[in-house]
Trainee: 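Have a look at the structure that comes next, please.
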Amino acid sequence: MDTIFFILSKVLQFCIEPLNWLIVFVLLGLLFLSLRKLNLCKRFLLLALLDLLIVGWAPTSELGLSALEDVIPKTSLVNISENDIGGIIILGGAIEGGEIALYRGEISIGSAAERVTKAFELIRKYPDLPFIFSGYSGRINPKGVSESDAFKRLVAEQGLSEKMAHYENQSRNTYENVLYMKPMIEEFGLKNEAGVPKPWLLITSASHMYRSVKIFEKQGIVVYPLPVDYQTGNSIHWASFDLSEGADNWGNLLHEVVGVIAYWITGKI
């Protein structure tokens, strides 16, 4: 059932990408042009133009994405002692493993690189805390190096200690991240004097944090959220038009909104 859910989520993700609809509108416009239905042709070409305007004009995506990134505030580590932390969780999604790493011999980090850099910072800051990197691949047909193996190589390249390192190497989405990590968190997580597990630091992208925290809560795991990879600031760029950035922002926003709805319907959050 989880495999079917995973495949359907990827199909749905393709369908909600705004620029994919641009292709559909243009093709339909050309189809009706060839059929000499000029009114329908004009309508679909206008829809294609409207799609471009909505995607490229910054406020259309920034307003929603900014609200999503602000839902879960960042935990202030100034007020938290190392003795209050059970460990460090790093969710996959930033490392471009797969065939590139296999053929080039180098690990490539994607746009969410802050997940990795923040992880390195905290591993150095808290060398006695266990940490878990969770992620196999988010692709339907993964090839080459898994995200966990790629992160393990990066840890070695950075000269970081492997003494407290643990890797979850099966998950394909956020729900599976939490599900497969839960036994590891219970086994390796530090506990207080009463034997109660301490909260773990959670590193993931700001737009992804709400869904992640809700899944951890559903599984009875307490976390301190440390969102990174923010895509919006404290002001909206009302005069900005950038098709590439807009497409990325819309992709992140719609991916998370649909993900939250799907996980809620299926009882995962």
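Only heavy atoms go into these numbers, but all of them, side chains included; no hydrogens, no water, no symmetry mates.
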Trainee: Relative to Y175, does K268 satisfy both conditions: NZ or CZ under 6.0 angstrom from the six-membered ring centre, and within 45 degrees of the ring's axis?
Mentor: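 Relative to the ring axis of Y175, which defines the angle, K268 lies inside both limits.
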Trainee: At what distance, to the nearest 0.5 angstrom, does CG of L91 lie from CE of M181?
Mentor: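 Taking CG in L91 and CE in M181, the distance rounds to 5.0 Å.
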Trainee: Which heavy-atom pair separates D229 from Q231 by the least distance, and what is that distance?
Mentor: OD1-NE2, 2.7 Å
Trainee: If I compare all heavy atoms of P225 with all of P73, which pair ends up nearest, and what's the gap?
Mentor: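 Nearest heavy atoms, P225 then P73: CG-O, 3.8 Å.
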Trainee: Should we count CZ of F25 as having more than 12 external heavy atoms under 6.0 Å?
Mentor: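 Yes, CZ of F25 has more than 12 neighbouring heavy atoms, counting only those of other groups under 6.0 Å.
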Trainee: T232 pairs by side chain to side chain donor-acceptor pair (under 3.5 Å) with which of E69, H237, E62?
Mentor: E69
Trainee: Could you tell me whether the side chain of P199 reaches within less than 4.5 Å of the side chain of V223, counting heavy atoms only?
Mentor: no
Trainee: Tell me whether K42 at atom NZ has more than 12 heavy atoms from other residues, nucleotides or ligands lying less than 6.0 Å away.
Mentor: no
Trainee: Search all heavy atoms of A48 against all heavy atoms of L22 and return the closest pair with its distance.
Mentor: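 Heavy-atom minimum between the residues: O-CD1, 3.3 Å.
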Trainee: Is the side chain of S161 donor-acceptor paired with the backbone N or O of K163 at a distance under 3.5 Å, no angle test?
Mentor: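 Yes, the answer is positive, given that a donor and an acceptor are paired below the 3.5 Å cut-off.
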Trainee: In terms of relative ring orientation, are F131 and F151 parallel, tilted or perpendicular, with 30° and 60° separating the classes?
Mentor: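 Ring orientation of F131 relative to F151: perpendicular.
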Trainee: For residues L202 and S212, determine if any side-chain heavy atom of one lies less than 4.5 Å from a side-chain heavy atom of the other.
Mentor: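 The answer is yes; the side chains approach within 4.5 Å.
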Trainee: Decide whether V213 and V71 are clustered together by the hydrophobic rule: side chain heavy atoms of Ile, Leu, Val, Met, Phe, Trp, Tyr closer than 4.5 Å, transitively.
Mentor: yes
Trainee: Any side-chain heavy atom of R211 sitting closer than 4.5 Å to one from F216?
Mentor: no
Trainee: Measuring from I54:CD1 to L47:CG, what's the distance to the nearest 0.5 Å?
Mentor: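 Those atoms lie 9.0 Å apart.
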Trainee: Does I265 share a hydrophobic cluster with V178, counting links as ILVMFWY side-chain heavy atoms below 4.5 Å and allowing steps through other members?
Mentor: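 I265 clusters together with V178.
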Trainee: Specify the closest pair of heavy atoms between G29 and C41, including all atoms of both residues, with the distance to one decimal.
Mentor: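 Heavy atoms only, the tightest pair is O-SG, 3.2 Å.
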Trainee: Please check if M164 and L77 belong to a single hydrophobic cluster, counting links between Ile, Leu, Val, Met, Phe, Trp and Tyr side chain heavy atoms closer than 4.5 Å.
Mentor: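 No; tracing contacts between hydrophobic side chains, which count when under 4.5 Å, never links both residues.
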Trainee: Check whether N192 reaches the backbone of V196 with its side chain - one donor and one acceptor, N or O, closer than 3.5 Å.
Mentor: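 Yes, the answer is positive, given that a donor and an acceptor are paired below the 3.5 Å cut-off.
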Trainee: Could you check whether any side-chain heavy atom of N252 comes within less than 4.5 Å of a side-chain heavy atom of L65, counting everything from C-beta outward?
Mentor: yes
Trainee: Would you say F32 and I23 are hydrophobically clustered, going by side-chain heavy atoms of ILVMFWY under 4.5 Å?
Mentor: no
Trainee: What distance do S76 atom OG and Y224 atom OH have between them, rounded to the nearest 0.5 Å?
Mentor: 11.5 Å
Trainee: Establish, from distance only, whether the side-chain atoms of S240 and W57 form a donor-acceptor pair under 3.5 Å.
Mentor: no
Trainee: Mind checking whether H208 and T174 have side chains closer than 4.5 Å, heavy atoms only?
Mentor: yes
Trainee: Looking at every heavy atom in both R115 and I90, which two are closest together, and how far apart are they?
Mentor: O-CG2, 3.8 Å
Trainee: Would you compute the distance between atom CG of D128 and atom CD1 of I85 and round it to the nearest 0.5 angstrom?
Mentor: 11.5 Å
Trainee: Which is it for K198 and K191 under the side chain to side chain contact (heavy atoms under 4.5 Å, CB included) test, yes or no, and what are the steps along the way?
Mentor: CA-CA 5 Å; K198 299 178 182 179; K191 300 175 177 62; 5.5 Å; no
Trainee: Ignoring hydrogens and angles, state whether a donor on the side chain of S171 or E176 is under 3.5 Å from an acceptor on the partner side chain.
Mentor: no
Trainee: Side chains of E162 and Y167: donor-acceptor distance under 3.5 Å anywhere?
Mentor: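 Note: E162 and Y167 side chains meet the donor-acceptor criterion.
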Trainee: Would you sort out whether F133 and I89 count as a side chain to side chain contact (heavy atoms under 4.5 Å, CB included), showing the intermediate values?
Mentor: CA-CA 6 Å; F133 180 92; I89 295 169; over 6 Å; no
Trainee: Checking K118 against E114 for the salt bridge (charged side-chain N to carboxylate O under 4.0 Å, His left out) test, could you report, in this order, the C-alpha distance in whole Å, the side-chain angles of both residues, the deciding distance, and whether it holds?
Mentor: CA-CA 6 Å; K118 176 60 72 172; E114 291 92 336; over 6 Å; no
Trainee: Could you check Q170 against E168 for side chain to side chain contact (heavy atoms under 4.5 Å, CB included), going step by step and ending with a plain yes or no?
Mentor: CA-CA 6 Å; Q170 300 178 69; E168 183 283 303; 3.4 Å; yes
Trainee: Please round to the nearest 0.5 Å and tell me the distance separating atom CG of L19 and atom CG of D51.
Mentor: 6.5 Å
Trainee: Would you indicate whether the side-chain heavy atoms of V222 and P197 approach each other to under 4.5 Å?
Mentor: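 P197 does not reach V222 side chain to side chain.
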Trainee: For F44 and L31: C-alpha separation, side-chain torsions, deciding distance, then whether side chain to side chain contact (heavy atoms under 4.5 Å, CB included) applies.
Mentor: CA-CA 10 Å; F44 280 109; L31 172 63; over 6 Å; no
Trainee: Contact between L226 and I88 at the side-chain level, heavy atoms closer than 4.5 Å - yes or no?
Mentor: no
Trainee: If you round to the nearest 0.5 Å, how far is CG of L45 from CG of L28?
Mentor: 10.0 Å
Trainee: For a quick check under 3.5 Å, do S146 and N169 share a side-chain donor-acceptor pair by atom type?
Mentor: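 On atom types as modelled, these side chains qualify, holding a pair under 3.5 Å.
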Trainee: Flag yes if V24 and V55 sit in one hydrophobic cluster, no otherwise; membership is Ile, Leu, Val, Met, Phe, Trp, Tyr, and two members link when side-chain heavy atoms are under 4.5 Å apart.
Mentor: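 No.
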Trainee: Do S81 and D84 pair up side chain to side chain, a donor and an acceptor below 3.5 Å, judged on atom types alone?
Mentor: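 On atom types as modelled, these side chains do not qualify, holding no pair under 3.5 Å.
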Trainee: Of the non-hydrogen atoms in P130 and W200, which two are nearest, and what is the gap between them?
Mentor: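 Taking P130 first and W200 second, the nearest heavy atoms are O-CZ3, 3.9 Å.
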Trainee: Is the shortest side-chain heavy-atom distance between N249 and T60 below 4.5 Å?
Mentor: no
